Structures are given as C-alpha cells and as structure tokens.
Amino acid sequence: MEKRYLFTPGPTPVPPQVLAAGAEPIVHHRGADFREIYASVLGRLKDVFRTEADVLLFTASGSGAMESAAANLCETGDRVAVVSHGSFGERWVDICEQHGLDVHAIRYEWGERPDPDEVGAAVRESGAGVVFCQQSDTSTGVVSDVRALKEAVGDATLVVDAVSSLGAVPLETDEWRIDVVVSGSQKALMAPPGLAMVSVPAHVLERTKPSRSFYFDWRRNKKAQDALDAAFTPAVSIIRSLDVALGLLLEDGLDAAFARHVRLGRAARAGAKAMGLELFSPDDDTAAVVTAIRAPDGVDADELLAHLRDRHGVTLAPGQQHLKGKIFRIGHIGWVDVFDIASALAAVELSLTELGADIERGTAVPAAFEAFESPVAA
Ligand SMILES: *Cc1c(COP(=O)(O)O)cnc(C)c1O
C-alpha cells in the first residue's frame, strides 16, 4: 500500500470535502435538488471570474470550452490571430485550423513572455477580429500580462485561456475588459477534472456567429442556464464538488489565494536553485502557477519522472513536445501548500541522487521554506 503524491499542474489535488461532495447520491438534473446547486455554482463562478457576465458551464475538459470559442465567435474562413508561446498556444492554432479559420499565429519562443505592443501591431496588421491567447501557458510556466494584451488589441475580441491560472493569479475579467475567459475545473479551482467554463458577456454574445457546434452552442447553453435547466445532462457529481471547492476558495478570498501562489512559486524556485538546478520558467513572481526546471546534465527528465513515480509514488509533469525529456514541472496551483513543495523538492533531490546526478543535497527544503516566508506586497 503505497502513498501517491500528485504535484502536477492539472489535475491537481482535491480537498477531502470536495471529494466527499462528489460522492453524494446522484440527483436528477431537472429537479429542484440540482437547481439549487446549479444556481450556487453559477453565482460562485461569476465571483471567481470577477465578472457580471454569464459563465457558461460545460461538461467537458478545458479544451471543450476553448473549442466553443472558435465555434461560436468565428465563421469558416474568418481571419483570427493566436498568440502562441507554448503548447497551449499551439492548441489554439490547431483548434482554429480544424474549424477552417484563417489563422495568423504570433509566435514566441517557448518560455518567452509575449510583448503587448508587438502583439497589438501584429493583430492590427493581420486584420483579425478575434485574438486567442493564454494567461498561463502551463507548458512553460509563463504568465502573460493579459490586461496589457487587451489594451493592445483594442476592439478585437480577446479570448483568454485561463484554464491553469484562474484562481491562482489575478484576472479581473470585467475591469480589464477581457471579452472571453475560458477555464476548467481541475487546476486552481481544486475540483476533479470534467468541467469547463467560459464567460460570455452580452456584448460578445451579440457578435457570435451561428455556432458550428451543437453541444457547445453558446446561445443554446445560455438560454438553458438562464432557466437553471441545463441543455444536456451535466456531470452533476462534479458540479457538486466544484460548488464546494469554489466556496472554499471564496471563503478564504481570492487575494489570499493569489498571495499563496506567489509564495509557493518562490519556494519552488528557491528550492530548485539551491539544489543547483536551472529554471526554465521565469525566475520571478509572475511564475506563480507552475515551476519548470531543466533536468541536470546527463539526466533525461522523463527518466527522472518515471523514477519518481515508480520508486517514490510522486507524480510531476513532463516537458511537452520539444521540451520532452529536457524539463520537468512542479505544479503549485489549487490545494497546495508549502509542505507539498517541500515534498516534491525532497523527492526530486533524492531521485536525482539515486540517478547519479551531481546536485547539492540538504539545501532545497530549507531554501524553499525561507523563500515561502518572505512577505508578498499587496
Ligand atoms: C490544462 C489546460 C488546458 C485544457 O486542457 P484539458 O486537458 O482539455 O482540460 C488548456 N489550457 C491550458 C493553459 C491548460 O493548462
């Protein structure tokens, strides 16, 4: 009977009361029992998205909500722009291309942060009316300044993928005039995988095109949600769990969550550096979602991850696409505290030693705790 540890940036660990809520008896989705939960979760989502807009809730993974944006905002052949600086940016490109859109990709090296002025100029030049981007590209640990991106693209509709960042780093949907925000249940929202959300304000709904998707049709779903009568059978158990998780998040307050994520990021970076490892993700407080670390010379990152899992029951995340085998990632979103970071670092230290890497021992955990203690400016 081995204990397992999940330190990935999605899915993330889920608090016991959230899991317990999902084990409640199934209720019928068209009855009063569910309507109460549905109303509560939809209200809480607005609070977490910091918006007055409707937040449409789908039974899907985060990519479903991403795809819904392409299916509802654009007609075949429309020119769109994608800001891409990691594997999730490339996912926007793939989704848009599969929908027959004319994609203008504004690409950055993986690990670079997009420059808002450059993006603004590229969007104007492209003539795109809809722009897709990430707030956090989980593949690299880079968190973009989506507020500046919105200012830079002006009247173009900005669609922000905040699947790994909502609830972890500030996102003021209404105040920053972000048109559409997409998220998912299994990252910083501390719920099991299976739900996706998208905020769609009235001014955006007016601009929608006839949906190419039946299931993800924003108008159909909005109409149903307005009547608390879901368009299709939702994952009632996961919705129960999400409702409890959002309640926990809002009870502590989003600002407390944002400050905790900054401090967890500091702890992870300090620990990795103390071991003598090199960071791939930015070495600053913006990197509050996931810490990406280069494998030391002579060690394949995937081999390290397999060793961590098989020998020690610890799951970290691999590098994606061309970063596979080169980096590994420690997630610090959602229900994570500094002891989780300490455990992840200790396990990495032990495993690297077992794999024969030349690293500094005994320094990572103290460095992590020290960095965690440094105060965060409000
Ligand atoms: C996890 C994630 C998604 C969605 O992935 P799913 O597996 O479809 O839930 C999208 N964007 C980012 C940045 C993510 O981290």
Side-chain angles (χ1 to χ4, degrees), residues 6-14 49 56-71 82-96 98-99 107-108 110-114 131-146 149 158-169 171 178 180-199 213 215-216 235 238-239 241-242 245 261 265 280-282 286-292 315-321 323 327-336:
L6 182 67
F7 300 131
T8 58
T12 62
V14 172
F49 275 68
L56 303 178
L57 181 59
F58 299 116
T59 296
S61 86
S63 302
M66 292 173 77
E67 179 155 28
S68 81
V82 172
V83 185
S84 172
H85 50 101
S87 83
F88 291 100
E90 292 307 301
R91 182 166 303 179
W92 275 134
V93 172
D94 292 344
I95 289 171
C96 291
Q98 187 138 356
H99 276 266
R107 288 200 168 90
Y108 288 86
W110 289 27
E112 254 186 79
R113 189 175 293 129
V131 182
F132 299 89
C133 71
Q134 265 68 38
Q135 182 177 32
S136 150
D137 199 309
T138 324
S139 65
T140 65
V142 168
V143 173
S144 300
D145 184 350
V146 293
L149 286 175
L158 184 68
V159 182
V160 173
D161 167 359
V163 176
S164 63
S165 53
L166 187 78
V169 300
L171 177 53
I178 310 288
V180 175
V181 173
V182 169
S183 199
S185 54
Q186 81 275 27
K187 308 241 166 122
L189 301 185
M190 310 186 292
L195 298 174
M197 327 76 194
V198 56
S199 62
S213 170
Y215 184 76
F216 290 115
I238 311 177
I239 291 179
S241 287
L242 180 64
H261 284 85
F280 178 82
S281 47
T286 63
V289 172
V290 56
T291 297
T315 302
L316 304 183
Q320 293 176 315
Q321 299 184 33
L323 295 174
I327 65 166
F328 60 96
R329 295 173 295 141
I330 300 175
H332 27 84
I333 43 176
W335 194 53
V336 175

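Every number for a ligand or one of its atoms is a count from 1 in the order of the listing. These figures come from a predicted structure and were not determined experimentally. The figures here come from the full heavy-atom set of this structure, side chains too, leaving out hydrogens, waters and symmetry mates.
- Taking atom 6 (P) of ligand 1 as the reference point, the nearest protein heavy-atom neighbour is S61 OG, 3.4 Å.
- To the nearest 0.5 Å, atom CG of residue D161 and atom OG1 of residue T138 are 7.0 Å apart.
- Residue contacts with ligand 1, taken as heavy atom pairs separated by less than 4.0 Å, involve S136 solely via the backbone atoms N, CA, C and O.
- For the atom pair S213 OG and H99 NE2, the distance stands at 7.0 Å (nearest 0.5 Å).
- Closest approach of A292 to I327, counting heavy atoms only: CB-CD1, 4.0 Å.
- Across all their heavy atoms, A188 and L166 have their closest contact at CB-O, 3.2 Å.
- Under a 4.0 Å criterion applied to the non-hydrogen atoms of S63, ligand 1 contributes the atoms 4 (C), 5 (O), 6 (P), 8 (O).
- Distances below 4.0 Å separate heavy atoms of V163 from the following atoms of ligand 1: 1 (C), 2 (C), 3 (C), 4 (C), 10 (C), 11 (N), 12 (C), 14 (C).
- Checking only distances, G62 does come within under 3.5 Å of ligand 1, N or O to N or O.
- Ligand 1 lies nowhere less than 4.0 angstrom from a heavy atom belonging to G10.
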_Using the rule given for side chain to side chain donor-acceptor pair (under 3.5 Å), can you reason through S164 versus S136, listing the C-alpha separation, both sets of side-chain angles and the distance that settles it, and then say yes or no?_
CA-CA 6 Å; S164 63; S136 150; 2.7 Å; yes
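- Here the heavy atom of the protein found nearest to atom 15 (O) of ligand 1 is T138 OG1, 2.4 Å.
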_Test side chain to side chain contact (heavy atoms under 4.5 Å, CB included) on R329 and F280; report intermediate values, then the result._
CA-CA 9 Å; R329 295 173 295 141; F280 178 82; over 6 Å; no
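- The side-chain hydrogen bond (donor to acceptor under 3.5 Å, both in side chains) test with E90 is passed by exactly one of H85, R107, Q321: R107.
- In this structure, the protein non-hydrogen atom closest to atom 11 (N) of ligand 1 is D161 OD2, 2.6 Å.
- Without hydrogens or angle criteria, H261 side chain to G334 main chain gives a donor-acceptor distance under 3.5 Å.
- The distance from ligand 1 to the heavy atoms of M66 drops below 4.0 Å at these ligand atoms: 10 (C).
- Counting the atoms of ligand 1 from 1 in the order shown, those under 4.0 Å from a heavy atom of Q186 are 6 (P), 9 (O).
- Using a non-hydrogen distance threshold of 4.0 Å, K187 registers as a contact of ligand 1.
- R91 NH1, 3.4 Å is the protein heavy atom nearest to atom 5 (O) of ligand 1.
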